[in-house]
Amino acid sequence: AGTFTYGTSTVVLAANGTMTSPGVGDTEYTYNVTVNASVTHTLGSRFGVANILTVGASGILTGAFHIDLFARNANPLCLGAGASVNGISGFTFGDSNTVPYNIPAATYAQVYLRNQVATLQGAATVTFLEIGTGFIAGGNTVTVTAASAVSVATSGYITSTSGGSWTVTGAWTNDSTSASWSFAAPITFNAGANVTMTFAGTNLAGNEFDAATFNSTAAITYTMATRGLRLGGALSITDTLTTVGLTTSNLAVTAGSVTIGTNGTLTAGSSTITVSGNWDSSAGTFTVGTSTVSLGATASIASATTSSF
């Protein structure tokens with residue numbers, strides 16, 4: 001209820017307890033905060049940290065509230081070995097645009113990236129990821145686990161290398177027009193319910209992904225919307241446990257190769273599907289509609305005996 005003029009101070013939370021502020025969003029309430037090793041601290045409200053939030057080894061920061069990290073330091077969140085922050089409802093990184101910042105490997109709930117470029121320091125699991133800036137994922141493993149899983153703004157972009165991997169269990173919405181987009185890591189979509197997929201299409205100068213696999217944990221359909229899908233490598237639609245389908249909604253698809261595998265269905269409508277390598281629908285179902293399949297290289301074609309173009 002009072003006023004804390006924090007200056008460049010550090011608040012050290014040395015014992016289990018609760019941390020509460022006025023709780024107004026996008027507001028700085030402290031400069032540095034340290035949760036000591038093996039201490040559990042619970043948020044009692046939304047909280048803003050201007051410079052650095054540190055959780056010591058085996059420390060726990062929890063509470064069903066949001067934390068705003070204003071990223072005036074390149075490492076606005078520092079986690080000791082075994083520290084946990086996944087009880088927090090969400091983090092917004094970069095509310096101030098002072099410097100680019102790093103994101104430590106951890107399990108998070110919702111993550112929002114703002115302003116300066118964010119660099120991932122290791123494997124991360126999140127329930128929702130919103131990218132309003134550059135996100136350098138590198139060769140790290142990224143897992144996004146919610147139904148409305150990934151959203152990329154017009155100015156946002158992702159860079160990843162082939163040594164990394166992404167798994168997304170929900171919808172993908174990519175409005176990026178950034179020339180910095182470079183997604184080389186393989187990505188697997190593994191949803192458990194029908195979802196709409198809004199890819200970048202020709203908003204990007206190049207391919208959105210290298211290789212993409214559409215899998216599922218239940219009998220579902222991925223439905224494309226608004227823009228087409230462009231891959232530099234393999235498009236795979238397959239599921240060994242249940243059925244999975246990709247419906248193009250008459251939008252264009254470009255890929256290095258196409259495999260419609262076991263229990264997989266590609267419903268093409270009136271789309272143009274351009275393939276620069278092999279086509280294999282021998283184990284799955286290709287619902288051709290009035291589509292056009294353009295095979296642009298010397299390659300092999302394998303299809304089911306009941307299938308045709």
Side-chain angles (χ1 to χ4, degrees), residues 110-114 126-135 137 142 144-160 166-216 220-237 244-256 258 260 264-276 286-294:
Q110 300 178 11
V111 172
Y112 301 81
L113 305 180
R114 301 282 188 266
V126 302
T127 60
F128 172 77
L129 179 60
E130 181 179 283
I131 302 169
T133 181
F135 180 41
V142 178
V144 190
T145 62
S148 54
V150 177
S151 178
V152 186
T154 302
S155 59
Y157 65 86
I158 299 170
T159 67
S160 67
W166 282 59
T167 301
V168 177
T169 65
W172 177 273
T173 302
N174 185 7
D175 294 324
S176 177
T177 59
S178 174
S180 297
W181 183 278
S182 178
F183 200 116
I187 186 167
T188 298
F189 296 102
N190 196 34
N194 294 337
V195 289
T196 299
M197 310 295 282
T198 305
F199 298 112
T202 56
N203 279 358
L204 297 175
N207 298 315
E208 187 162 358
F209 308 115
D210 183 32
T213 297
F214 290 83
N215 207 315
S216 66
I220 69 154
T221 298
Y222 297 91
T223 301
M224 292 171 53
T226 310
R227 294 179 291 270
L229 171 61
R230 295 198 295 174
L231 308 177
L235 168 62
S236 178
I237 307 164
V244 59
L246 175 63
T247 298
T248 65
S249 305
N250 307 321
L251 298 166
V253 175
T254 301
V258 171
I260 308 171
T265 299
L266 176 58
T267 302
S270 60
S271 296
T272 295
I273 301 173
T274 303
V275 184
S276 58
F286 179 45
T287 304
V288 299
T290 57
S291 63
T292 299
V293 177
S294 176

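The figures here come from the full heavy-atom set of this structure, side chains too, leaving out hydrogens, waters and symmetry mates.
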* Heavy-atom distance under 4.5 Å between the side chains of L113 and L129, does that happen here? -> yes
* To do: Report yes if some heavy atom in the side chain of T177 is under 4.5 Å from a heavy atom in the side chain of D175; otherwise report no.
  => no
* Under the side chain to side chain donor-acceptor pair (under 3.5 Å) test, residues paired with S160 that sit two or more places apart -> none
* Asked: Are any side-chain N or O atoms of R227 and backbone N or O atoms of N174, one a donor and one an acceptor, separated by less than 3.5 Å?
  -> yes
* Asked: So which pairs with a foot in residues 186-195 pass salt bridge (Lys or Arg N to Asp or Glu O under 4.0 Å), sequence neighbours left out?
  -> none
* Asked: Quick one: which of V258, L235, V275 gives a side-chain contact (heavy atoms from CB on, under 4.5 Å) with V253?
  -> L235
* Structure fact -> Scanning both residues in full, the closest heavy-atom pair of A149 with V168 reads CB-CG1, 3.6 Å
* Within the distance-only criterion (no hydrogens, no angle test), does the side chain of S178 pair as donor or acceptor with the backbone N or O of S180 below 3.5 angstrom? -> yes
* Asked: Looking at the rings of F183 and W166, which for Trp means the six-membered one, are their centres under 6.0 Å apart?
  -> yes
* Asked: How far apart are the closest heavy atoms of V142 and A137, and which atoms are they?
  -> CG2-CB, 4.4 Å
* Could you tell me which non-hydrogen atom of S271 sits nearest to which non-hydrogen atom of T248, and how far apart they are? => OG-OG1, 2.6 Å
* All side chain to side chain contact (heavy atoms under 4.5 Å, CB included) counterparts of A252, not counting sequence neighbours -> none
* Heavy-atom side-chain proximity of F135 to V152 below 4.5 angstrom -> no
For residues 184-203, dump all side-chain donor-acceptor pairs below 3.5 Å to protein atoms at least two apart in sequence or in another chain.
from: N190; atom 1: OD1; to: S216; atom 2: N; distance (Å): 3.1
from: N194; atom 1: OD1; to: T221; atom 2: N; distance (Å): 2.8

* To do: Give a yes or no answer on whether the side chain of S249 reaches the backbone of T223 with a donor-acceptor pair at less than 3.5 Å.
  => no
* Student check: side-chain heavy atoms of L229 and M224 closer than 4.5 Å -> yes
* To do: Hey, could you give me the CD1/OG1 distance between I273 and T254, rounded to the nearest 0.5 Å?
  => 9.5 Å
* **Results of salt bridge (charged side-chain N to carboxylate O under 4.0 Å, His left out) for R230 - residues two or more places apart only** => none
* How about S291 and T272: do any of their side-chain heavy atoms sit closer than 4.5 Å? -> no
* Structure fact -> Applying side chain to side chain donor-acceptor pair (under 3.5 Å) to N215 and not counting sequence neighbours gives none
* Asked: For S182, which residues count as a side chain to side chain contact (heavy atoms under 4.5 Å, CB included) partner, sequence neighbours excluded?
  -> T159
* To do: Apply ring pair (Phe, Tyr, Trp, His ring centres under 6.0 Å) to Y222 and list each qualifying residue two or more places apart in sequence or on a separate chain.
  => F214
* Does S270 have any side chain to side chain donor-acceptor pair (under 3.5 Å) partners at least two apart in sequence or in another chain, and if so, which? -> N250
* S155: what forms a side chain to side chain contact (heavy atoms under 4.5 Å, CB included) with it, not counting sequence neighbours? -> none
* How close do I158 and W181 get, heavy atom to heavy atom, and via which atoms? -> N-CE3, 3.4 Å
* Asked: For N207 and L231, what are the C-alpha separation, side-chain angles and deciding distance, and is it a side chain to side chain contact (heavy atoms under 4.5 Å, CB included)?
  -> CA-CA 5 Å; N207 298 315; L231 308 177; 5.7 Å; no
* **Under the side chain to side chain contact (heavy atoms under 4.5 Å, CB included) test, residues paired with T287 that sit two or more places apart** => T265, T267, T285
* Determine, using ring centers only, whether F128 and Y112 are less than 6.0 Å apart. => yes
* Is the shortest heavy-atom distance from the side chain of E130 to the side chain of Q110 under 4.5 Å? -> no
* To do: Can you run down the salt bridge (Lys or Arg N to Asp or Glu O under 4.0 Å) pairs that involve residues 189-215, sequence neighbours left out, and say none if there aren't any?
  => none
* Measure across A153 and G132 and return the closest heavy-atom pair with its distance rounded to 0.1 Å. => CB-CA, 4.0 Å
* Which value, rounded to the nearest 0.5 Å, describes the distance between I260 atom CD1 and I237 atom CD1? -> 5.5 Å
